[in-house]
Structures are given as C-alpha cells and as structure tokens.
Amino acid sequence: MDARRARSLHEGRLMGLPHVTGVGTGKDEHSGEDVVIVFVTRKVPRDRLRDEDVVPDELEGVPVRVLAIGEVSAPE
C-alpha cells in the first residue's frame, strides 16, 4: 500500500490522539522511502502514554515518522 492511501485510511484516528496536530506523507530523510508523517506539538515517551494513544511505527506496512513542530495556531 502507498503512503497516501495509508494516511487517508488512518488520518481520522491519528488526529484524535493527544498532541497530534496533523498527518501527511513524505520521504524518509535517510532511506528515501515513502512514509506517513504525524505532526505533534511535542514528543512524549511511550511509557507516559496509554497504549491506545501511541502513534504506531507503521500503518498498512508503511513506516510512520513522528515530527514535533510545537504549538500550532492560526495567524491573527
């Protein structure tokens, strides 16, 4: 499955997770492979999250990368 399809299948659930502000696709900076990118306000150690709140390592066989971008707000 490609990254865009995996993202569209799981975006709704991912957006409901704590600290998640967006979901996209891109290329892994090291391998060049397609990945799903989950944007978060801050990274939280796995052991401080409930199991159901953890961003998975992969979706439908597509690797997932978590990118901390800080707080997001609309311009005034």
Side-chain angles (χ1 to χ4, degrees):
M1 176 172 297
D2 71 13
R4 282 181 275 162
R5 177 83 174 122
R7 186 209 77 221
S8 75
L9 285 174
H10 296 277
E11 186 170 13
R13 184 183 75 77
L14 291 169
M15 288 299 296
L17 297 178
H19 311 291
V20 173
T21 58
V23 181
T25 58
K27 298 270 186 194
D28 182 270
E29 60 187 37
H30 301 291
S31 69
E33 69 184 322
D34 290 336
V35 296
V36 173
I37 303 169
V38 179
F39 301 97
V40 297
T41 54
R42 62 186 175 94
K43 289 188 176 184
V44 176
R46 281 183 187 252
D47 63 353
R48 293 185 50 209
L49 292 169
R50 298 179 307 168
D51 289 344
E52 60 269 20
D53 292 337
V54 173
V55 174
D57 293 329
E58 67 175 42
L59 295 168
E60 309 295 333
V62 178
V64 174
R65 300 295 181 260
V66 177
L67 183 61
I69 60 171
E71 295 292 331
V72 177
S73 61
E76 294 182 18

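Please read all numbers here as calculations on a predicted model, not as lab measurements.
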Hey, could you give me the CG/CZ distance between D51 and R46, rounded to the nearest 0.5 Å? 9.5 Å

I need the R42 CZ to T21 OG1 distance, nearest 0.5 Å. 12.5 Å

Is there a chain of hydrophobic side chains (I, L, V, M, F, W, Y, each step under 4.5 Å between heavy atoms) that links V40 to V35? no

Salt bridge check, D34 against R5: does any charged N sit closer than 4.0 Å to a carboxylate O? no

R4 atom CZ: more than 12 heavy-atom contacts under 6.0 Å: no

Residues V36 and A3: closest non-hydrogen pair is CG2-O, 3.7 Å

What about L14 and F39, same hydrophobic cluster or not, with Ile/Leu/Val/Met/Phe/Trp/Tyr joined at side-chain heavy-atom distances under 4.5 Å? no

Least distance between heavy atoms, T25 atom then R7 atom: CG2-CB, 4.0 Å

Any chain of hydrophobic side-chain contacts (each under 4.5 Å) joining V20 to L59? yes

Hydrophobic cluster membership, with links at side-chain heavy-atom distances under 4.5 Å among I/L/V/M/F/W/Y: are V38 and M15 in one? yes

Are L9 and V62 connected in the hydrophobic side-chain network, where two residues link if heavy atoms are under 4.5 Å apart? no

State the NZ-CG distance between K43 and L67, to the nearest 0.5 angstrom. 7.5 Å

Report the distance from atom CE of M1 to atom CD of E58, rounding to the nearest 0.5 Å. 12.0 Å

E52, CD: over 12 other non-hydrogen atoms inside 6.0 angstrom: yes

List the atom of G32, the atom of K27, and the distance in Å for their closest heavy-atom pair. O-CD, 3.1 Å

